[in-house]
Asker: 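One structure coming up, written as structure tokens, with questions to follow.
Basis for what follows: all heavy atoms, side chains included, without hydrogens, waters or symmetry-related copies. On a predicted model such as this, the values are computed, not experimentally measured, just so you know.
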Amino acid sequence: PRRLAAGIGWADANLLVDIEGSMGLRNPAPVAGTRDASGPALRAGVGYQVGEEGLQVRAGFAHDASLVDSSPLELVCGGLGWHTPTWAVDGSFGADAGGSGQWTAAVSLSWVMPQQVE
């Protein structure tokens with residue numbers, strides 16, 4: 001669905017804090033077999049990089065009311081990563097604090113493309 005999103009964050013050498021939200025725009029009728037996802041979603045998180053490179057620890061919370069015809073999800077999230085200047089591997093997990101039993105997990109591998117600076 002079409003959504004309007006905005007966020008703000010702050011970072012220094014080791015700490016990142018951010019908050020963001022999105023709201024569905026007026027959508028045409030959902031396609032058969034899909035659900036209206038035009039409600040709001042709010043997210044906040046913090047990440048801490050231990051040292052110049054190495055372990056990164058993250059925590060966050062998401063209030064996801066984007067599915068209009070169902071109860072909002074209150075996701076409590078956490079993650080660990082290993083970061084270097086050129087690559088990172090991250091894992092994260094989120095579970096609904098409302099007791100619905102819904103959860104999500106993700107793993108990612110990132111590589112920073114070299115840049116030539118003059």
Asker: Kindly give the cluster partners of V76, where membership spreads through any ILVMFWY side chain lying under 4.5 Å from a current member.
Answerer: F61
Asker: I'd like to check the side chain to side chain contact (heavy atoms under 4.5 Å, CB included) partners of T84; sequence neighbours left out, ordered by chain and number.
Answerer: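 Only E53, W82, T86, W87 meet the side chain to side chain contact (heavy atoms under 4.5 Å, CB included) criterion with T84.
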Asker: Which residues satisfy the side chain to side chain contact (heavy atoms under 4.5 Å, CB included) test with S100, sequence neighbours excluded?
Answerer: L73, D96, Q102
Asker: Side chains of residues 15-24: which donor-acceptor pairs under 3.5 Å do they make with residues two or more places apart or in other chains?
Answerer:
{"unit_1": "D18", "atom_1": "OD1", "unit_2": "G45", "atom_2": "N", "d": "3.4"}
{"unit_1": "E20", "atom_1": "OE2", "unit_2": "R43", "atom_2": "NE", "d": "3.0"}
{"unit_1": "S22", "atom_1": "OG", "unit_2": "R3", "atom_2": "NE", "d": "3.1"}
{"unit_1": "S22", "atom_1": "OG", "unit_2": "R3", "atom_2": "NH2", "d": "3.1"}

Asker: Give a yes or no on whether I8 and L42 share a hydrophobic cluster (residues Ile, Leu, Val, Met, Phe, Trp, Tyr; joining criterion: side-chain heavy atoms under 4.5 Å apart).
Answerer: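 No, I8 and L42 fall in different hydrophobic clusters.
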Asker: Identify, with sequence neighbours excluded, every residue that meets side-chain hydrogen bond (donor to acceptor under 3.5 Å, both in side chains) alongside S66.
Answerer: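 Testing S66 for side-chain hydrogen bond (donor to acceptor under 3.5 Å, both in side chains), a comparison that skips the adjacent residues, returns D64.
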Asker: Under 3.5 Å, side chain of N14 to main-chain N/O of G51, donor-acceptor pair present?
Answerer: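 Yes, because the side chain of N14 sits within donor-acceptor range (under 3.5 Å) of the backbone of G51.
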Asker: Please give the remaining members of the hydrophobic cluster of V68, linking ILVMFWY side chains under 4.5 Å, ordered by chain and number.
Answerer: none
Asker: List in chain and number order the residues that pass side chain to side chain contact (heavy atoms under 4.5 Å, CB included) with D90, two or more places apart in sequence or in another chain; answer none if no residue qualifies.
Answerer: Q56, R58, H83, A88, S108
Asker: Would you mind listing every ring-ring contact (aromatic ring centres under 6.0 Å, His included) that reaches into residues 89-111, with sequence neighbours excluded?
Answerer: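 Found F93-W103.
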Asker: Is there a chain of hydrophobic side chains (I, L, V, M, F, W, Y, each step under 4.5 Å between heavy atoms) that links Y48 to W10?
Answerer: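 In one cluster with Y48: W10, yes.
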Asker: Could you tell me which residues satisfy side-chain hydrogen bond (donor to acceptor under 3.5 Å, both in side chains) with D69, sequence neighbours excluded, listed by chain and number?
Answerer: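 So D69 forms a side-chain hydrogen bond (donor to acceptor under 3.5 Å, both in side chains) with R35.
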